[in-house]
2 protein chains.
Amino acid sequence: MTATRLSRDVLLPRLAAHVLEHGLADASLRPLARAAGTSDRMLLYHFGSKEQLVADLLAYLAGQFSAALDRAFPAERAASREDCVAQVLAITGEGTFQPFMRVWWDIVSGCAAGNAAYLEAAGAIMDGLLQWVVDHLPEDDPDPQAGARMVLTYIEGAQMLAAVGRGDIPQAGLSAL
Amino acid sequence: MTATRLSRDVLLPRLAAHVLEHGLADASLRPLARAAGTSDRMLLYHFGSKEQLVADLLAYLAGQFSAALDRAFPAERAASREDCVAQVLAITGEGTFQPFMRVWWDIVSGCAAGNAAYLEAAGAIMDGLLQWVVDHLPEDDPDPQAGARMVLTYIEGAQMLAAVGRGDIPQAGLSAL
DNA sequence: CTACAACTGTAGCGGTTGCTACATTCGACT
DNA sequence: AGTCGAATGTAGCAACCGCTACAGTTGTAG
């Protein structure tokens, strides 16, 4: 049990690195294993099935994402809702976050297909991000609950448009917020 | 040539129907062919390759989407930006549009993976939607260009959050627009 | 009727998929 | 030293993937 847990803990970061580079949608056991320095046989041994492996991977990636977010943003609050949007977009638009965004859209695609594990992971990530926005809105925001939800929605729309090569649209819309 | 074009025109709606039901991400030639009443052999004969088939399918789906949008929305303008967002969300949240949203996230996922055909189709769809929003904003909007872009961004964010089971977030954020 | 091009079915290629049966090695405990 | 379970390698399964070679069968134009 202990050895198994240890092995999984060693494997997960390597698997995550491979997925961040090559995407989650068409990740298969043999390339995954090669990247992690094992065999498909052992991946199945440690995780039971590919489905479980992906579920564990999603949980791991969700943790990594919120950790990276906390690391990238200082504790201070934004000057305005608009500033809060701009801050998040500036950071997540940066190169460091690009690989995660790439797999994020694979996750959303899995959610739209009805995959329960994807839905759980994506929901958790969004809940975390919402909390982060709540914590970073200006102190004097007239309605932090609604404001944070509006900000989060706009951020996500901006990221989708950026993913399809229309990042100029949310940028130009920012002034109308 | 004529016969080929005809065949493709007969095939495309059937292929689109299958993709709208089962998703685009893991659509493969044999099931596609079965759904269209042909063989994988003939699909490749008519389209040349799976890549080209998907490209043609994307163009067809983009056309179907904007047609459905024009059909669902009357010509009159919205009362406000907020109302415009609410109108689009009400329609696209309806059951009829659900299958399209399902394949939409497959398209976005393909864009994030760098697929050029997906990027082109997605960009065209977004451009069409942006134009639609511009045309449906209130006459007296102070800045229709920026306003439409803001509205579109919010709509897309709302749809992503809905896809991951957090449709309540954009709903609650609407009042902060 | 012939000739030629468009069309289509059959069968299969080499590759990948998730997963498993079987045999073996390793390491800790008695 | 011996035992037992955890860990691992090898080999392979049946199903699927996109695609193609080959052999027809049509439909049509001269």
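Just so we're on the same page: letters track the sequence lines, and every chain starts at 1.
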Under 3.5 Å, sequence neighbours excluded: what are the donor-acceptor pairs made by side chains of residues 112-129 of chain B?
from: B/Asn115; atom 1: OD1; to: B/Ala117; atom 2: N; distance (Å): 2.9
from: B/Asn115; atom 1: OD1; to: B/Tyr118; atom 2: N; distance (Å): 3.1
from: B/Asp127; atom 1: OD1; to: A/Arg166; atom 2: NE; distance (Å): 2.8
from: B/Asp127; atom 1: OD2; to: A/Arg166; atom 2: NE; distance (Å): 3.4
from: B/Asp127; atom 1: OD2; to: A/Arg166; atom 2: NH2; distance (Å): 2.8

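Close to C/dC7, at under 4.0 Å from its OP1 or OP2, lies no side-chain N or O of B/His46.
Per the geometry, CG belonging to B/Leu32 stands 15 Å off P belonging to D/dC16, to the nearest Å. For the pair A/Arg30 CZ and C/dT20 C1', the interatomic distance rounds to 11 Å; values are reported in whole Å. For B/Arg8 and C/dC7, the CZ to C1' distance is 15 Å, given to the nearest whole Å. Rounded to whole angstrom, the span from the CG atom of B/Leu43 across to the P atom of D/dT20 amounts to 14 Å. The nearest whole Å value for the distance from the CZ atom in B/Arg34 to the P atom in D/dA15 is 14 Å. Atom pair B/Met42:CE and D/dC19:P shows a separation of 15 Å (rounding to whole Å applied). When rounded to the nearest whole Å, the span between CG of A/Leu44 and P of C/dT17 equals 13 Å. Protein atom OH of B/Tyr45 is 19 Å distant from nucleotide atom C1' of D/dG18, rounded to whole Å.
In this structure, the nucleotide among C/dC19, C/dA21, C/dT16 sitting nearest to the side chain of A/Ser28 is C/dT16. Closest contact between the side chain of B/Leu29 and the listed nucleotides D/dG18, C/dC19, C/dT8 involves D/dG18. If you check D/dA21, D/dT8, C/dC19 against the side chain of A/Arg41, the one that comes closest is D/dT8.
Within 4.0 Å (heavy atoms only), A/Ala27 reaches sugar-phosphate atoms of the nucleic acid but no base atom. At a threshold of 4.0 angstrom between heavy atoms, the contacts of A/Thr38 with the nucleic acid are absent.
Residue B/Trp105 comes nearest to B/Glu156 through the heavy atom pair CH2-O, 4.4 Å, listed as atom of the first residue, atom of the second, then distance.
No more than 12 heavy-atom neighbours from other residues, nucleotides or ligands sit within 6.0 angstrom of CD on A/Glu51.
Counting only residues at least two apart or in different chains, side-chain hydrogen bond (donor to acceptor under 3.5 Å, both in side chains) contacts with residues 168-177 of chain A are absent.
Side chains of B/Gln145 and B/Arg149: a donor-acceptor N/O pair is present below 3.5 angstrom, by distance only.
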